[in-house]
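By convention in this document, chain letters (A, B, ...) are assigned in the order of the sequence lines, proteins followed by strands, and residues within each chain are numbered from 1.
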Amino acid sequence: MLDPQLLRNDIEQVAKALTKRGFKLDIVAIETLEEKRKAIQVKTQQLQQQRNTRSKEIGKAKSQGKDAQALLDEVASLGDELKSSEEELNEVQKELNDIIMEIPNIPHESVPEGESEEDNEEVRRWGEPKVFDFTVKDHVDLGESLGLLDFEAAVRIAGARFSLMQGGIARLHRALIQFMLDTHTRDHGYTELNVPYLVNADSLRGTGQLPKFGEDLFHIEEHDLYLIPTAEVPVTNIARDQILSAETMPRKYVCHTPCFRSEAGSYGKDTRGMIRQHQFEKVELVQMVKAEDSYDALEELTGHAEKILQLLDLPYKVVTLCGGDIGFSATKTYDIEVWLPGQEKYREISSCSNFEAFQARRMKARWRNPDTGKPELIHTLNGSGLAIGRTLVAVLENYQDSEGHIAIPEILKSYMGGLEAIH
RNA sequence: GGAGAGGUGGCAGAGCGGUUGAAUGCACUGGUCUUGAAAACCAGCAAGGGUGCGAGCCCUUCGAGGGUUCGAAUCCCUCCCUCUCCGCCA
């Protein structure tokens, strides 16, 4: 949610800034409603004030044993007028709020112009795609010929876009999770969390998935709960309706969860293998910081995600998402893309974003600034560190040999009980 | 799921339907005292919003939403949550 003050005082600027992401702000609609709101709110508050003072007078008169009938008559007509004024105000405020909740965040000035993926800006590359002297397989062929990935069974059990791992691959999957959690807690100063995988609508509104993106979520209607699409939702909402004390800032959380996404609208996209699933696992990094620190924190957090790929010796590049490709709530996002030999492409494996106060404002997530004594909105950030399924794919494809066996990356061997390779 | 108790400011905890946005304590901030600190004493201290250049003035909020009333933290209804006991259960 953008600052309503900013929207009132500088709507032209906001509209201009939002064109960068291809969003057209309906200035006229907002200004019209805003004008209405102002008039009705002033009127309503005046009526409330009248009611309050009269009521106090009545109370005073009665306690002194005087006759209050004259005062009571005076206030009689106020009730209906106030009630209809309040209702009108509620309506206008709701209308305005509905619009505001669907306005995306303003991209940071450093975000490149552009309409789509094509226009994202490469920031850096790490590692060289390995040259294989045999025809490489993709992870599906590798997994199935090892007998350790069974998509057919997954379809039978659940349906499309699910997968079933076993043996060495299931263990490798688990090893990646442990390795990432250990690295981020031990080396990067994050606190490990375990959180609910079902969340309420308020939490999803807080981080920005609702109201606009409900169709991407799995919803359990009977209990009105949603399966989390990312750990970002439960973790960031720790701060919802809270005033954090300064000593607990910045907060850095790492959390492994499964993630559930309906993938509505991605029919036919990445249908092969485990790149795009309804259920996948992710180790998520979340930071809650002071406003002035959030861009440094974004660089730091992105570096923490990159470190995982470096330790796994997987080649990657980092791109800055352009205005047209950036997510609804973010001001700036770096995607990390890992090299997949099976596709001969770099594919997204992490997305690291600064949301500034956008989520915090929706969530009323604040901290108390000791300098002013006043609560101030925090800035929130998050990034995958990393997506486990895709990391597994990357390891399978990058560490394959001509036999279709998978070498275990050095750093994971201790997590694999010393195993050298998956046969 | 059944029975009972309860949800009030950063925390703890009062609160006859009427100057109660809310006693008191703790925490916090400033001051006095002290070589310094502690203790003691004095003072201040909720959040959100409207309006105004501004000092300010005003509105809202006591789990959430409705209702009764001139007036609701206080009365009524619905829902949510917490705690205790019973049942079930990984």
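- Regarding A:Gln5, its CD atom lies at a distance of 12 Å from the C1' atom of B:G48, rounded to whole Å.
- Going from the P atom of B:A72 to that of B:G66 covers 14 Å, rounded to whole Å.
- Within the 4.0 angstrom heavy-atom criterion, no nucleotide atom of any strand lies near A:Lys364.
- Taking the C1' atom of each, B:U24 and B:G9 are spaced 13 Å apart, rounded to whole Å.
- The side chain to side chain contact (heavy atoms under 4.5 Å, CB included) test with A:Leu7 is passed by exactly one of A:Leu96, A:Val14, A:Ile99, A:Ile27: A:Val14.
- Contacts of A:Gln93 with the nucleic acid, taken as non-hydrogen atoms under 4.0 Å apart, are absent.
- Here the separation of B:U32 from B:G48, taken at their P atoms, is 31 Å to the nearest Å.
- In this structure, A:Tyr415 OH and A:Ile177 CD1 are separated by 12.0 Å, a value rounded to the nearest 0.5 Å.
- Using atom C1' as the reference point in both B:C62 and B:U74, the two lie 10 Å apart (nearest Å).
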Stepwise, does the ring pair (Phe, Tyr, Trp, His ring centres under 6.0 Å) test hold for A:Tyr295 with A:His108?
CA-CA 10 Å; A:Tyr295 282 93; A:His108 189 255; 4.2 Å; yes

Could you list all N or O pairs between the protein and nucleotides 77-83 of chain B that sit under 3.5 Å apart?
none

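- In RNA chain B, stems built from 3 or more consecutive Watson-Crick or G-U wobble pairs, each with both distances under 3.5 Å, span B:1-7 with B:80-86, B:10-12 with B:24-26, B:28-32 with B:40-44, B:46-51 with B:56-61, B:63-67 with B:75-79.
- Nucleotides B:A22 and B:U61 place their C1' atoms 12 Å apart, quoted to the nearest Å.
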Identify every side-chain donor-acceptor pair in residues 380-396 of chain A under 3.5 Å, counting partners at least two apart or on other chains, and give the distances.
from     : atom 1 : to       : atom 2 : distance (Å)
A:Thr380 : OG1    : A:Gln359 : OE1    : 2.7
A:Asn382 : ND2    : A:Glu232 : OE1    : 3.4
A:Asn382 : ND2    : A:Glu232 : OE2    : 3.2
A:Ser384 : OG     : A:Ser351 : N      : 3.2
A:Arg390 : NE     : A:Ile275 : O      : 3.0
A:Arg390 : NH1    : A:Glu348 : O      : 2.8
A:Arg390 : NH2    : A:Ile275 : O      : 3.1
A:Thr391 : OG1    : A:Ala387 : O      : 2.5

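- Atom C1' of B:G21 sits at a distance of 26 Å from the matching atom of B:C77, rounded to the whole Å.
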For A:His379 and A:Phe358: C-alpha separation, side-chain torsions, deciding distance, then whether ring pair (Phe, Tyr, Trp, His ring centres under 6.0 Å) applies.
CA-CA 8 Å; A:His379 279 197; A:Phe358 190 84; over 10 Å; no

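- To the nearest 0.5 Å, atom CG of residue A:Leu89 and atom NZ of residue A:Lys38 are 14.0 Å apart.
- Distance noted for atom C1' between B:C16 and B:A12: 24 Å (whole Å).
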List the steps, then state whether side-chain contact (heavy atoms from CB on, under 4.5 Å) holds for A:Lys364 with A:Arg240.
CA-CA 6 Å; A:Lys364 299 187 185 65; A:Arg240 174 151 56 89; 6.0 Å; no

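- B:A55 and B:A43 are spaced 27 Å apart, taking the P atom of each and rounding to whole Å.
- Residue contacts for A:Lys43: at a heavy-atom cut-off of 4.0 Å it reaches no nucleic acid atom on any strand shown.
- Checked options A:Leu181, A:Leu312, A:Ile308; the residue passing with A:Leu176 is A:Leu312 (criterion: side chain to side chain contact (heavy atoms under 4.5 Å, CB included)).
- Just one residue in the list A:Val319, A:Asn120, A:Leu298, A:Leu321 forms a side chain to side chain contact (heavy atoms under 4.5 Å, CB included) with A:Tyr334, and that residue is A:Leu298.
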